[in-house]
Amino acid sequence: MLKVEGLTKHFGGTKALNGVSLEVEKQEIVGIIGPNGSGKSTLLHNITGLYLPDKGNIWFEGTDITNLPIDKRARLGIGRTFQNLRLFKLLTVWENLLVPAIQLKKPKKEMEEQAAELLELVKLSHLKNEQAQNLSIGQQRLLEFIRAMMLDSKIVFLDEPTAGFHPNMIQTFIDTLQELNRRGKTFVIIEHNIPAIMEISTRLVAIAAGEVLMSGDPHSVHSNPEVVEAYLG
Amino acid sequence: MEQLEKRILLALFLIALILPLFMDDYVLHIIILSCFFIMVASSWNLLAGYSGQVSFAHMALCAIGAYSSGLISTHLNLHPFLTIIIGALAASFLGLIIGVLTLRMKGSYLALTTIAFSEIIRLVLNLEYKVTNGSVGLSVPGLFGDVSSKIPYYYTALGLVCLVVFSIYKLVYSNFGLTVRSIREDETAAAAMGVKVVKHKVIVFVISSFMAGIAGGFLAHYNMLVSPELTTITQMGMVIAMAVIGGLGTFIGPIIGGLSLELISEYVKEFGNYHLMIYGLLLILVLRFSPRGIAGLLKKKSRVQNNPIIKSKGLENEVQK
Ligand SMILES: Nc1ncnc2c1ncn2[C@@H]1O[C@H](COP(=O)(O)OP(=O)(O)OP(=O)(O)O)[C@@H](O)[C@H]1O
Ligand SMILES: [Mg+2]
């Protein structure tokens, strides 16, 4: 459903992405791992439209979206979260969830049911009327995750979704993710938490220095000497 | 909006309705001016407080409304009720242009650009004698012809302020308003959530300019005079102070701020030009102790009471401070 070809992005002298190609099929959960500064977030920014690539193309469900503005990609069904958390801080949890649904012009009842159900899934219903900034980091990450789901996203990109989690929240996150995946959603997850990503991903992609090192079954990628070397070196 | 705020507004409205029964012209005059300031402060708050576009061109746009209406009613002999609307359309058209030009600007860049625009308008109005009569100002027909009673003006001002404030209420508490607030919080995140950022920002600029234009037009035909005084940075500062002291990004804030600061400044003016000093002092106090202004004080208590996190951490006292 998503196809990326030869994506290249330079920042001055830094080659953040150097010809990255990647395909994601429907209902996959693709984990992306790689050392700090290897270009994971930059890849995500290019796919979701925050940055425009210097070279390369991106197709989503058959259409070339390489140069589409970010909001248009969102309305097509490409959702995302941010590594550094970008909630609407002074808005309530509930309002945060309604914003994307409003842009899709959904009926009021439908969006409210959807928001209530997602809150239930991540166990945040009791914080519905709280300002987003009052939530703990972990709760904020969960909220940002379900906010992206309110776009009816077909594919969702999560940038380090469990960073700053209280350990017992990780299970809530995994359960929610797998439930949504069963309903047909596709996920691409950047994660430094190796045990967690090994558990949830159906495929693992290792990135180093702006290039795809390897892609495949999580265990074989994880134990590959080259990948281990990149992580340690 | 909270219950307490609704009650305050209702009480204010009821008092305002019967005020002419027992108040003299001087008081009515001050309330009429307050209505003008509530309209500009509320519409500026819509732009700055809700959409996050802190513009300093609001009073210049207000003046555009005033001058356009004044000139058209004088030269084309149209009724001021009609020309006020035309003037407001002129203001919103200019607002559209500024809105588009400043789209990508944030913070101090937006501030400086809009100050520059405002200064250009001020200089032109001051120096131009043939059409707008320069710094002396332009005489324009009264809204009610030669009627000297304040009462028709008073009720018109009250009607207009209710109309403007009610429209803002409807906007702010709609899906559109929520979308606009999300842009204020984080433009990039809003875009990533499918928000058409540019469209919404520009629409808010146009609407708030229209409202400023209405206020300006009304003031012109009430005073029967328009002068470049309206466009000074001092006037803009007063409007900002009203919105901020009342509570930026709150619905009731600019209403309370506009009313109370206008009352204070009228009272203090007897002793000289001290009102600006008082505004400044109030501004500092508010920003230090209640960033959401007077409206924030009304809310603070209930927010803390209903806040499970603050409660569970035993932080009530911290927040109260
Ligand atoms: N906006 C930018 N301007 C300049 N350089 C950038 C920018 N964004 C990223 N970079 C650089 O591009 C490289 C890749 O950064 P990126 O954030 O994509 O890494 P990452 O894999 O997400 O790392 P981390 O695991 O730390 O999040 C880094 O060298 C970074 O310094
Ligand atoms: Mg990153």
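Everything numeric in this text was worked out from a predicted model, so none of it was measured. All values below were derived from every heavy atom in this structure, side-chain atoms included, with hydrogens, water molecules and symmetry-related copies excluded. So you know, we letter chains A, B, ... as the sequences are listed, proteins then strands, and number each from 1.
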Subject >> Under 4.5 Å from any heavy atom of chain B - which part of A:L50 >> reply: side chain
Original post:
Just wondering, are more than 12 heavy atoms of other shown residues or ligands nearer than 6.0 Å to NZ in A:K106?
Top reply: yes
Subject >> Heavy-atom side-chain proximity of B:L178 to A:V99 below 4.5 angstrom >> reply: yes
Subject >> Closest non-hydrogen atom pair between A:A74 and B:A192, with its separation >> reply: CB-O, 3.3 Å
Original post:
Do other residues, nucleotides or ligands put more than 12 heavy atoms under 6.0 Å from the CZ atom of B:R104?
Top reply: no
Original post:
About how many Å separate CD of A:Q103 and CG of B:N175, when rounded to the nearest 0.5 Å?
Top reply: 8.5 Å
**OP:** Measure A:R73 against the heavy atoms of chain B and call it side chain, backbone, both or neither at under 4.5 Å.
**Re:** neither
**OP:** Please report the closest heavy-atom contact between A:K89 and B:E185, naming both atoms and the distance.
**Re:** N-OE1, 3.2 Å
Subject >> Steps toward side-chain contact (heavy atoms from CB on, under 4.5 Å) verdict (A:L90, B:R292) >> reply: CA-CA 12 Å; A:L90 294 182; B:R292 292 257 134 174; 3.6 Å; yes
Original post:
For the atom pair OG1 (B:T179) and CG (A:L98), what is the distance rounded to the nearest 0.5 Å?
Top reply: 9.5 Å
Original post:
More than 12 non-hydrogen atoms from neighbouring residues, nucleotides or ligands closer than 6.0 Å to OH on B:Y109, yes or no?
Top reply: no
Original post:
How many angstroms lie between CZ in A:R86 and CG in B:D186, if you round to the nearest 0.5 Å?
Top reply: 4.0 Å
Subject >> Euclidean distance, A:L97 CG relative to B:M193 CE, rounded to 0.5 Å >> reply: 10.5 Å
Original post:
Under a 4.5 Å heavy-atom cutoff, which of A:K108, A:K72, A:R80, A:R75 has the most pairs with chain B?
Top reply: A:R75
Original post:
What part of A:I102 lies closer than 4.5 angstrom to a heavy atom of chain B: side chain, backbone, both or neither?
Top reply: side chain
**OP:** Could you tell me which non-hydrogen atom of A:F88 sits nearest to which non-hydrogen atom of B:A189, and how far apart they are?
**Re:** CE2-CB, 3.8 Å
